Amino acid sequence: MKNFKQLDLVDEIISLDDQRRSTQTNMDNIAAEANSAAKQIGDFMRNGKKEEAEVLKAKTGTWKEDIKNFGEQLGAIEEALQQKLVLLPNLPHHTVPVGLTPDDNEIVLEHGDKPVLADNAMPHWELAAKYNLIDFELGVKITGAGFPVYKNKGAKLQRALINYFIDEAEKAGYSEVVVPLLVNEASGFGTGQLPDKEGQMYFVGLDNLFLIPTAEVPITNLYRDVILKADEVPVKNCGYTPCFRREAGSYGAHVRGLNRLHQFDKVEIVQVEHPDKSYETLEKMSLHVQGLLQKLGLPYRVLRLCGGDMGFASALTYDMETWSAAQQRWLEVSSVSNFETFQSNRLKLRFRNAEGKTQLAHTLNGSALALPRIVATLLENNQTENGIKVPEVLVPYTKFDWIN
RNA sequence: GGAGAGGUGUCUGAGUGGUCGAAAGAGCACGCCUGGAAAGUGUGUAUACGCCAAAAGUGUAUCGAGGGUUCGAAUCCCUCCCUCUCCGCCA
């Protein structure tokens with residue numbers, strides 16, 4: 001169960017839906033009468049039967065009135081219904097653990113050995129300063145806290161990771177897209193950020209646009225109001241974007257360095273899938289993310305989020321965390337979710353099924369991967385007396401194998 | 001930012017008050033034709049919601065969005081949004 005305590009809400013929704021249906025039936029019946037009368041009037045006029053036409057015309061007044069009234073009622077009911085419907089979180093998958101806090105998350109697996117560091121090992125923010133990789137103060141000057149400036153090999157490492165992740169995603173069959181970083185309200189609604197997480201996004205008031213908190217928003221919204229042909233499913237996209245999050249109210253020791261930023265880089269994978277295959281696909285996406293972590297040589301664990309810790313829109317979420325050896329804690333670096341029809345219902349994203357009928361598709365997405373905490377653990381876990389060893393898979397991208 | 005043009009189905013594109021959910025063509029699907037294909041030919045080809053146990057069927061709505069005029073609107077009027085062209089500015 002998600003942390004959902006409004007069971008009355010469901011009853012209200014059902015009752016509103018009943019009202020909606022009966023009101024529409026009434027309105028449709030009257031409209032049908034009025035329409036056929038209008039046709040008859042047309043006939044009469046053409047055949048010169050003016051009196052008959054006038055008689056019929058006189059009767060249309062009350063219909064018009066009734067249609068208008070029912071229409072207003074229907075509009076009000078639909079609006080009320082929509083307002084309630086939007087408050088309904090997604091239904092958790094049956095494998096989602098019951099629970100309210102992160103402590104109730106299920107540890108699915110743990111992979112790799114936690115490195116044992118020397119006594120004088122440093123957390124990544126000290127390493128970043130020592131090797132002149134990241135300048136947090138400079139970011140404060142030009143923007144504010146949480147907007148770091150990457151320099152030298154730190155900057156190169158960012159680009160290397162982005163390109164590496166994109167290449168790996170393409171190898172796995174995802175086709176790359178470059179998308180807008182500002183989205184409109186409809187897009188925010190489509191993927192479920194609005195109205196739920198309004199305060200999480202930066203808002204450009206002058207133009208009524210939101211800075212994206214994740215590439216999920218623009219990429220998934222590519223398929224808003226789309227009916228896919230049967231052979232176009234699944235859709236597999238990947239994309240790199242910076243992500244912007246206000247992170248209002250989260251301050252303290254756990255947000256030092258790269259642990260929590262207002263702007264960060266991420267490669268996202270997104271799929272639009274047939275409902276019968278979406279959970280199989282979720283596992284594959286999880287394996288793709290795990291593969292990246294393995295190739296980077298990072299110890300990680302996979303969590304199955306409990307109902308209370310899961311997002312509003314998700315039916316099942318896996319979080320991947322890497323072990324940050326200097327901080328001695330797990331850092332979330334990816335979140336892979338199946339939204340089933342929650343997003344597609346809002347997006348009106350459908351496909352044509354075997355019977356040729358339109359059906360809501362399932363949407364999924366995952367970080368593959370989010371950079372800052374990957375950088376943090378890479379720096380910390382790979383530190384030696386001689387500098388920081390770059391993972392082999394990245395060397396073709398960085399063109400250097402040591403940071404020193 | 002200034003001036004103009006325009007938004008119709010998967011696409012092109014006709015339609016200036018009734019017989020228009022919408023001509024025609026293209027595309028697509030299925031059939032015929034063919035040794036096979038092309039060509040040709042025939043049929044079909046929007047979405048949502050409602051009624052119905054369901055299918056069949058049927059009702060309503062939708063020609064950018066919202067409102068108005070009218071017995072009746074793709075067509076007339078108003079407001080808004082968007083796109084394109086030219087000029088200006090500019091990576």
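Just so it is clear: chains get the letters A, B, ... in the order the sequence lines come, proteins before strands, and each one is counted from 1. Keep in mind the model is a prediction, meaning the values are calculated, not measured.
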My understanding is that a pair needs two contacts under 3.5 Å, Watson-Crick or G-U wobble. By that rule, which nucleotide pairs with A53(B)?
none
Could you tell me from which nucleotide to which nucleotide of RNA chain B, 5' to 3', there is an atom under 4.0 Å from chain A heavy atoms?
G18(B) to G72(B)
Does E110(A) come within less than 4.0 Å of R301(A), counting only side-chain N to carboxylate O?
no
U79(B) pairs with which nucleotide, Watson-Crick or G-U wobble, both distances below 3.5 Å?
A65(B)
Specify whether W330(A) and W323(A) have parallel, tilted or perpendicular ring planes, treating 30° as the upper limit for parallel and 60° as the lower limit for perpendicular.
perpendicular
Considering only atom P, compute the distance from A74(B) to G7(B) and round it to an integer number of Å.
16 Å
Q328(A) side chain to S324(A) side chain, donor-acceptor N/O pair below 3.5 angstrom:
no
For the residue pair H111(A) and Y300(A), does the interplanar ring angle fall in the parallel (under 30°), tilted (30 to 60°) or perpendicular (over 60°) class?
parallel
Look at all strands and tell whether A37(A) reaches a base, only sugar-phosphate, or nothing, counting heavy atoms closer than 4.0 Å.
nothing
In whole Å, measure the gap between the C1' atoms of G88(B) and A3(B) for me.
11 Å
Do the charged groups of E168(A) and K171(A) touch, with an N to O distance under 4.0 Å?
yes
Using side-chain contact (heavy atoms from CB on, under 4.5 Å) as the criterion, point out the one residue from N221(A), L360(A), T341(A), D225(A) that pairs with L347(A).
N221(A)
Residues K266(A), E268(A): salt bridge by 4.0 Å N-O rule:
yes
Nearest-angstrom distance, C1' atom, A22(B) to A73(B):
13 Å
Any-strand Watson-Crick or G-U partner of G9(B), both distances under 3.5 Å
none
Can you tell me how far P in G17(B) sits from the matching atom in U12(B), rounded to whole Å?
26 Å
May I ask which nucleotide in the shown strands pairs with A3(B), Watson-Crick or G-U wobble, both distances under 3.5 Å?
U85(B)
Between CZ of F136(A) and OH of Y150(A), what distance do you get to the nearest 0.5 Å?
7.0 Å
How about Y279(A) and E340(A): does a side-chain donor come under 3.5 Å of a side-chain acceptor?
yes
Sorted by number, residues from residues 60-82 of chain A placing a heavy atom under 4.0 Å from RNA chain B are T60(A), K64(A)
Does G40(B) pair with anything, Watson-Crick or G-U wobble, both distances under 3.5 Å, and if so, with which nucleotide?
C32(B)
Should U60(B) form a Watson-Crick or G-U wobble pair with both distances under 3.5 Å, which nucleotide is its partner?
A48(B)
Gap in Å between the two P atoms, one belonging to G57(B) and one to G64(B), rounded:
29 Å
Could you give the distance separating G66(B) and C81(B) at their C1' atoms, to the nearest angstrom?
10 Å
Mate of C20(B) where both pairing distances stay under 3.5 Å, Watson-Crick or G-U
none
Given RNA chain B, 5'-ward residue of the pair T358(A) and I41(A), judged by closest heavy atom
T358(A)
Between U83(B) and C90(B), how far is it from one P atom to the other, in whole Å?
23 Å
Rounded to the nearest 0.5 Å, how far does CE of M285(A) lie from OG of S337(A)?
8.5 Å
Pairwise P distance, U62(B) and G44(B) [rounded to whole Å]:
26 Å
For N35(A) and for Q24(A), locate the closest nucleotide of RNA chain B by heavy-atom distance; then report the residue assigned to the nucleotide nearer the 5' terminus.
Q24(A)
Partner nucleotide, any strand, of A74(B) [Watson-Crick/G-U, under 3.5 Å]
none
